[in-house]
Amino acid sequence: MPDRAPQPVDRTLPTEEARDLIALVREIVQREIAPRAAEEEEAGRFPRELFSLLSESGLLGLPYDSEYGGGDQPYEVYLQVLEELAAARLTVGLGVSVHSLACHALANYGTKEQRGEYLAAMLGGGLLGAYCLSEPSSGSDAASLRTKAERDGDDWVITGTKAWITHGGVADFYTVLARSGGEGARGISAFLVPGDAEGLSAAAPEKKMGMKGSPTAQLHFDGVRVPDARRIGDEGQGFAIALSALDSGRLGIAACAIGVAQAALDESLDYATGRRQFGRPIADFQGLRFMLADMATKVEAGRSLYLAAARLRDRGLPFSKEAAMAKLFCTDTAMQVATDAVQILGGYGYTADFPVERLMREAKVLQIVEGTNQIQRMVIARHLAGPESR
């Protein structure tokens, strides 16, 4: 059974331009993404041509400054675009979020000269980015990363391995966090590394339970030489830059999660109103009606939560706690709603002929990436009660 586009969400958008933007995204989804999503995911095919189309359409730089090729859109609009894309195919929605994350360091901490030289191509020049923080032995404890950046004249030489890199091996540029100084968070710097740099190679993509079309791979840096002009921010500022990027990135994950949940809800409604048992639609039975009501309520609550956090960001107010709350709630919601969708479809829900089994597998990773939900609870608790006693 081919995937269908989700039923249009009734969105409150701040401008007519934003409404036109959502209409454009829905047109691209219906024409280019949804019809092939199931087939390409099953085949593990990365849709690079789609990202080229999204770049040409101005959708890879939406929250960034138009002076450098961005879309000048507030985060509350950008995130709703991500939701629409993820509802059709998470590989695409999450891919746009990761690309935006990879652009964050340069856009917000780069010099005017650096932004002038690199940023326009990153935002609208057909390039695709990736973000390199995690390592095989440092995931949640990111400040313990071991990849080294050693100064050699006007260059830096980067050596080490990064892990769990979305777009690893296919990206045109990587924002890389590496240890340029002593131990701990203050010894880390950020670098912009071209995808074709000598000494940079990617391992075979990980074999995952979901998102098979999105390559996730280790990256090996074997003496990769990067000029100091590609160092972003001050020496030792890299970890602060990384945390700033992750606050925004977590909102991207939250929006993608609600897209997945909305798609699962739509499929459940379509099936429950069409499937007949005992002479009437199964949607007539109270047990299922209550499940559908709970699913819809969670989706709307998650959408409201990520949009509230986005509006804080757009106003220049602190939003770290709210971003963690949104990531936590929205991804847990996606997993619960997708699981319920499989239950509603019964045996059909467990087959690849219907999309809900894929949505369930994809939802799981959202509880893990860009800070596990256990880490989100730690972040929220620190905002509420202060740091843990040592």
Side-chain angles (χ1 to χ4, degrees), residues 75-76 79 82-83 86 90 93-94 97-98 100-101 104 131 133-145 163-164 166 177 184-185 188 208-211 216 239-262 264 294-295 297-313 317-340 359-390:
Y75 237 66
E76 72 165 298
L79 292 179
L82 286 187
E83 184 191 328
L90 184 58
L94 188 67
S97 180
V98 167
S100 182
L101 182 69
H104 180 277
Y131 183 78
L133 177 61
S134 295
E135 297 182 1
S137 60
S138 64
S140 296
D141 183 15
S144 67
L145 64 84
W164 310 112
T166 301
L177 285 303
I188 297 170
K208 301 173 297 186
M209 68 183 287
M211 287 194 70
T216 304
F239 195 69
I241 293 173
L243 292 182
S244 171
L246 285 174
D247 280 342
S248 297
R250 285 166 180 164
L251 292 182
I253 298 301
C256 287
I258 293 304
V260 170
Q262 183 69 56
D294 287 345
M295 292 160 73
T297 300
K298 290 173 183 176
V299 171
E300 288 294 342
R303 184 176 292 123
S304 296
L305 190 57
Y306 87 63
L307 286 174
R311 288 166 185 144
L312 289 176
R313 185 190 188 281
L317 297 173
F319 68 101
S320 180
K321 177 186 69 175
E322 290 77 10
M325 288 177 168
K327 198 275 183 183
L328 169 64
F329 183 85
C330 293
T331 59
D332 281 353
T333 290
M335 191 68 225
Q336 183 62 63
V337 170
T339 301
D340 287 346
L359 295 171
M360 181 181 176
R361 289 185 287 105
E362 292 178 342
K364 184 62 206 175
V365 76
L366 298 174
Q367 295 177 301
I368 299 170
V369 295
E370 293 191 31
T372 67
N373 282 6
Q374 287 68 36
I375 290 294
Q376 304 313 312
R377 289 177 170 90
M378 291 174 63
V379 170
I380 296 163
R382 285 172 185 164
H383 279 279
L384 295 174
E388 300 89 337
S389 300
R390 297 294 182 184

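Start at 1 with the first residue, then count along the sequence.
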**Message:** Checking Leu328 against Arg377 for the side chain to side chain contact (heavy atoms under 4.5 Å, CB included) test, could you report, in this order, the C-alpha distance in whole Å, the side-chain angles of both residues, the deciding distance, and whether it holds?
**Reply:** CA-CA 8 Å; Leu328 169 64; Arg377 289 177 170 90; 3.3 Å; yes
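- Between Ile253 and Leu94 the shortest side-chain heavy-atom distance falls below 4.5 Å.
- Thr297 and Asp294 share no donor-acceptor pair across their side chains, judged by distance under 3.5 Å alone.
- Going from atom CD1 of Ile258 over to atom NZ of Lys298 covers 11.0 Å, rounded to the nearest 0.5 Å.
- Between Glu300 atom CD and Leu305 atom CG the span is 12.5 Å, to the nearest 0.5 Å.
- For the atom pair CE of Met295 and OG1 of Thr333, the computed distance is 11.0 Å after rounding to the nearest 0.5 Å.
- Considering every non-hydrogen atom in both Ala324 and Ile380, the closest pair reads CB-CG1, 3.7 Å.
- The ring pair (Phe, Tyr, Trp, His ring centres under 6.0 Å) check on Phe319 picks up nothing, with sequence neighbours excluded.
- For the pair Leu251/Glu322, no side-chain contact is recorded, criterion being any heavy-atom separation below 4.5 Å from C-beta on.
- Atoms CG and OG, from Leu79 and Ser97 in turn, are 8.0 Å apart once rounded to the nearest 0.5 Å.
- Between Arg361 and Lys208 there is no side-chain heavy-atom pair separated by less than 4.5 Å.
- Between Tyr131 and Leu177, some side-chain heavy-atom pair lies under the 4.5 Å cut-off.
- For the 3.5 Å distance criterion, the side chains of Asp332 and Gln336 fail to qualify, holding no donor opposite an acceptor.
- Of all heavy-atom pairs spanning Ala326 and Ala254, the tightest one is O-CB, 3.6 Å.
- When all heavy atoms of Ala363 and Val260 are compared, the pair lying nearest together is CB-CG1, 4.2 Å.
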**Message:** Using side chain to side chain contact (heavy atoms under 4.5 Å, CB included), reason through Asp247 and Lys327 one step at a time and then give a plain yes or no.
**Reply:** CA-CA 10 Å; Asp247 280 342; Lys327 198 275 183 183; over 6 Å; no
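- Electrostatic pairing of Glu83 and Arg303 counts as a salt bridge here, judged by a charged N lying under 4.0 Å from a carboxylate O.
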**Request:** Verify side chain to side chain contact (heavy atoms under 4.5 Å, CB included) between Thr339 and Met335, making sure each step is shown before the conclusion.
**Result:** CA-CA 6 Å; Thr339 301; Met335 191 68 225; 3.6 Å; yes
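- To the nearest 0.5 Å, the span separating SG on Cys330 from CD on Gln376 amounts to 11.0 Å.
- Minimum heavy-atom separation, Ala334 to Ala257: CB-O, 3.4 Å.
- Leu90 places a side-chain heavy atom less than 4.5 Å from the side chain of Cys256.
- A salt bridge links Arg311 with Glu76: the closest approach of a Lys/Arg side-chain nitrogen to an acidic carboxylate oxygen falls below 4.0 angstrom.
- Interatomic distance, Ser100 OG to Tyr75 OH, rounded to the nearest 0.5 Å: 4.5 Å.
- The shortest side-chain heavy-atom distance between Glu370 and Thr166 does not fall under the 4.5 Å cut-off.
- For the pair Lys364/Met360, no side-chain contact is recorded, criterion being any heavy-atom separation below 4.5 Å from C-beta on.
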**Request:** Evaluate the side chain to side chain contact (heavy atoms under 4.5 Å, CB included) criterion for residues Met378 and Glu388: first the C-alpha distance (whole Å), next the side-chain angles of each, then the deciding distance (0.1 Å), finally the verdict.
**Result:** CA-CA 9 Å; Met378 291 174 63; Glu388 300 89 337; 3.9 Å; yes
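- Listed here is the closest heavy atom pair of Ala255 and Tyr306: CA-CE2, 3.8 Å.
- In this structure, the side chains of Leu133 and Leu246 come closer than 4.5 Å at one or more pairs of heavy atoms.
- Across Leu384 and Lys321, no two heavy atoms sit closer than the pair CD2-CD, 4.5 Å.
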